[in-house]
Amino acid sequence: MSKLLTVFGATGHQGSSVIRTVLSDPALSREFKIRGITRDVTKPDAKALADQGVEVVSADMTSIDSLIQAITGSHTVFLVTTPTFTENSTLELTQGRNVTDAAKQAGIQHLIFSSLLHVSELTNGRLKNVPHFDHKAEIERYIRASGIPASFVLPGYFMSNYASLGMIRKGEDGAYTLAYPVGEDAGFPLVDIDEDLGKYVAIVLKSPSRTQGSQVLAATDYYTSTRILKEFEEVTGHKTRFVQVDNETYKSFMPGYLGLEMLENHLFVEEPGYYNGRSLDESQALLAEAGYKATTWKEFLERNKGVFV
């Protein structure tokens with residue numbers, strides 16, 4: 001009899017990647033049936049999941065009773081929480097703790113959480129305005145303290161940011177500019193979040209005894225801005241330039257608190273590093289062992305180069 005895998009954020013980047021990967025993997029699709037949790041079960045993306053045989057339900061992440069009802073019967077739960085990118089908000093923390101409490105009460109046997117590192121602590125308070133990292137790290141601690149068998153997948157820096165957020169922009173002279181508040185040698189651990197996040201979660205699903213209690217780093221490789229732009233030129237044929245801007249200028253690229261949060265997020269990438277200097281070798285070895293291959297930046301560009309016009 002198939003076990004039930006419940007996926008939060010089923011129509012978002014991470015949740016939908018998990019669902020696609022499980023459905024397309026012969027072994028995992030036999031082992032698990034899927035329940036997808038989303039805020040609006042009537043939207044087209046939710047209906048598309050239902051057409052693929054996914055049980056789609058809604059849940060209020062501020063209500064433990066609602067969450068218990070949504071996850072009861074599940075063997076495994078994949079949890080991704082949603083940051084607000086606003087100052088002094090604790091909503092993401094509340095969501096993560098509520099799902100943890102519900103999972104414990106419902107007797108979930110494995111909780112997989114999309115986590116990140118604690119920027120404030122790792123920088124001794126130098127960078128204290130990156131709550132979308134810090135809150136996930138605090139949720140991870142809460143999960144560990146709960147005693148629920150758990151694994152943690154830490155997504156890298158989204159390749160899609162360069163297109164969807166306009167991080168690589170065409171200038172008036174036709175050249176494409178990448179502007180960062182850090183040097184061009186800072187290492188960004190890139191991940192194709194839509195294609196690959198599910199692969200790293202699949203590692204955990206395939207080898208729970210090896211990955212429980214551990215952090216799986218979900219990134220293809222560390223890329224410097226120099227390499228990002230070099231490969232961009234090779235694939236697209238467009239000329240590029242890198243510009244290191246001062247902190248105040250970088251903050252001005254985004255409104256209000258979001259500008260400060262993104263500034264400190266990028267300063268963290270430079271020092272001490274997105275993953276605090278950890279190697280990606282172990283995660284890449286697990287990925288290969290499970291029969292998967294991470295998407296490279298060049299491969300992402302080949303599929304998406306039409307966006308950069």
Side-chain angles (χ1 to χ4, degrees), residues 6-18 36-40 57-68 70-71 77-106 108 111-123 125 127-146 148 150-158 160-161 164-165 191 193-194 197 200-201 215-218 254-269 274-276:
T6 294
V7 178
F8 280 84
T11 60
H13 294 290
Q14 298 191 39
S16 62
S17 181
V18 172
I37 296 181
T38 186
R39 283 173 291 188
D40 183 356
V57 302
S58 62
D60 178 359
M61 294 182 74
T62 65
S63 166
I64 293 178
D65 289 340
S66 173
L67 290 166
I68 291 173
I71 66 177
V77 169
F78 170 74
L79 171 62
V80 56
T81 52
T82 305
T84 62
F85 296 107
T86 55
E87 191 172 9
N88 299 322
S89 172
T90 58
L91 180 60
E92 186 173 8
L93 277 173
T94 299
Q95 292 176 346
R97 290 169 178 170
N98 284 351
V99 174
T100 303
D101 292 344
K104 188 163 187 175
Q105 291 186 48
I108 302 306
L111 178 57
I112 305 170
F113 177 54
S114 178
S115 189
L116 287 168
L117 300 184
H118 204 295
V119 173
S120 298
E121 291 184 0
L122 287 171
T123 63
L127 304 173
K128 55 186 178 182
N129 293 288
V130 195
H132 73 284
F133 271 59
D134 290 358
H135 288 172
K136 288 181 177 66
E138 289 166 24
I139 293 167
E140 176 177 332
R141 290 176 186 170
Y142 191 82
I143 292 170
R144 290 181 182 276
S146 75
I148 299 172
S151 305
F152 306 94
V153 176
L154 280 61
Y157 191 93
F158 295 6
S160 56
N161 287 348
S164 63
L165 299 183
V191 62
I193 197 69
D194 295 282
L197 193 280
Y200 291 95
V201 173
Q215 293 179 326
V216 176
L217 307 184
M254 289 151 281
Y257 186 75
L258 178 61
L260 175 61
E261 184 164 353
M262 289 300 101
L263 167 66
E264 294 198 3
N265 190 177
H266 286 82
L267 295 177
F268 179 70
V269 171
Y274 191 102
Y275 289 131
N276 197 32

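Sequential numbering from 1 along the given sequence is applied to the chain's residues. What you are looking at is a predicted structure, and each value in this text was computed from that prediction instead of being measured.
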Using a 3.5 Å distance criterion without hydrogens, assess whether the side chain of [X] forms a donor-acceptor pair with backbone atoms of [Y].
{"X": "Thr123", "Y": "Leu127", "result": "yes"}
{"X": "Ser17", "Y": "Gln14", "result": "no"}
{"X": "Thr86", "Y": "Ser89", "result": "no"}
{"X": "Ser114", "Y": "Val80", "result": "no"}
{"X": "Ser164", "Y": "Ser160", "result": "yes"}
{"X": "Asn129", "Y": "Leu260", "result": "no"}
{"X": "Asn98", "Y": "Met61", "result": "yes"}

Non-hydrogen side-chain atoms of [X] and [Y] separated by less than 4.5 Å:
{"X": "Gln95", "Y": "Val99", "result": "no"}
{"X": "Glu261", "Y": "Pro131", "result": "yes"}
{"X": "Phe133", "Y": "Asn265", "result": "yes"}
{"X": "Leu197", "Y": "Phe78", "result": "yes"}
{"X": "Ile112", "Y": "Leu79", "result": "no"}
{"X": "Val216", "Y": "Phe152", "result": "no"}

If you round to the nearest 0.5 Å, how far is [atom2] of [Y] from [atom1] of [X]?
{"X": "Ile68", "Y": "Ser63", "atom1": "CD1", "atom2": "OG", "answer": "8.5 Å"}
{"X": "His13", "Y": "Ile193", "atom1": "NE2", "atom2": "CD1", "answer": "8.5 Å"}
{"X": "Thr90", "Y": "Glu138", "atom1": "OG1", "atom2": "CD", "answer": "10.5 Å"}
{"X": "Leu267", "Y": "Leu263", "atom1": "CG", "atom2": "CG", "answer": "4.5 Å"}
{"X": "Ser146", "Y": "Leu111", "atom1": "OG", "atom2": "CG", "answer": "7.5 Å"}
{"X": "Leu91", "Y": "Thr81", "atom1": "CG", "atom2": "OG1", "answer": "9.5 Å"}

Could you report the tightest heavy-atom contact between [X] and [Y], atom names first, then the distance?
{"X": "Ser120", "Y": "Lys128", "answer": "OG-CA, 3.4 Å"}
{"X": "Phe268", "Y": "Tyr274", "answer": "CE2-O, 3.4 Å"}
{"X": "Leu116", "Y": "Glu140", "answer": "O-OE1, 4.4 Å"}
{"X": "Ala59", "Y": "Ser66", "answer": "CA-OG, 3.6 Å"}
{"X": "Ile71", "Y": "Ala106", "answer": "CG1-CB, 4.1 Å"}
{"X": "Tyr275", "Y": "Pro155", "answer": "OH-C, 3.3 Å"}

- Message: Check this for me, if you would: do Arg141 and Glu121 make a salt bridge, where the nitrogen-to-carboxylate-oxygen distance has to be below 4.0 angstrom?
- Response: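 Salt bridge present between Arg141 and Glu121.
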- What about the rings of Tyr142 and His135, do their centers lie closer together than 6.0 Å?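 Not close enough - the centres of the two rings lie 6.0 Å or further apart.
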- Would the Phe85 and His132 ring centres measure less than 6.0 Å apart?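 Aromatic pair counts; centres sit under 6.0 Å.
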- Task: Could you tell me which residues satisfy salt bridge (Lys or Arg N to Asp or Glu O under 4.0 Å) with Glu92, sequence neighbours excluded, listed by chain and number?
- Result: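 Glu92 satisfies salt bridge (Lys or Arg N to Asp or Glu O under 4.0 Å) with Lys136 only.
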- Task: Output all residues satisfying salt bridge (Lys or Arg N to Asp or Glu O under 4.0 Å) with Glu264, sequence neighbours left out; order by chain, then residue number.
- Result: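 Partners of Glu264 by the salt bridge (Lys or Arg N to Asp or Glu O under 4.0 Å) criterion come out as none, since no residue qualifies.
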- Item | Results of ring pair (Phe, Tyr, Trp, His ring centres under 6.0 Å) for Phe158 - residues two or more places apart only |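 Phe158: no ring pair (Phe, Tyr, Trp, His ring centres under 6.0 Å) contacts found.
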- Thr62 and Asp60: CA distance, side-chain angles, deciding distance, side chain to side chain donor-acceptor pair (under 3.5 Å) verdict: CA-CA 5 Å; Thr62 65; Asp60 178 359; 2.6 Å; yes
- Item | Partner of Leu217 by side-chain contact (heavy atoms from CB on, under 4.5 Å), out of Val191, Leu154, Val153 |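 Passing option: Leu154.
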- Stepwise, does the side chain to side chain donor-acceptor pair (under 3.5 Å) test hold for Thr11 with Ser16? CA-CA 5 Å; Thr11 60; Ser16 62; over 6 Å; no
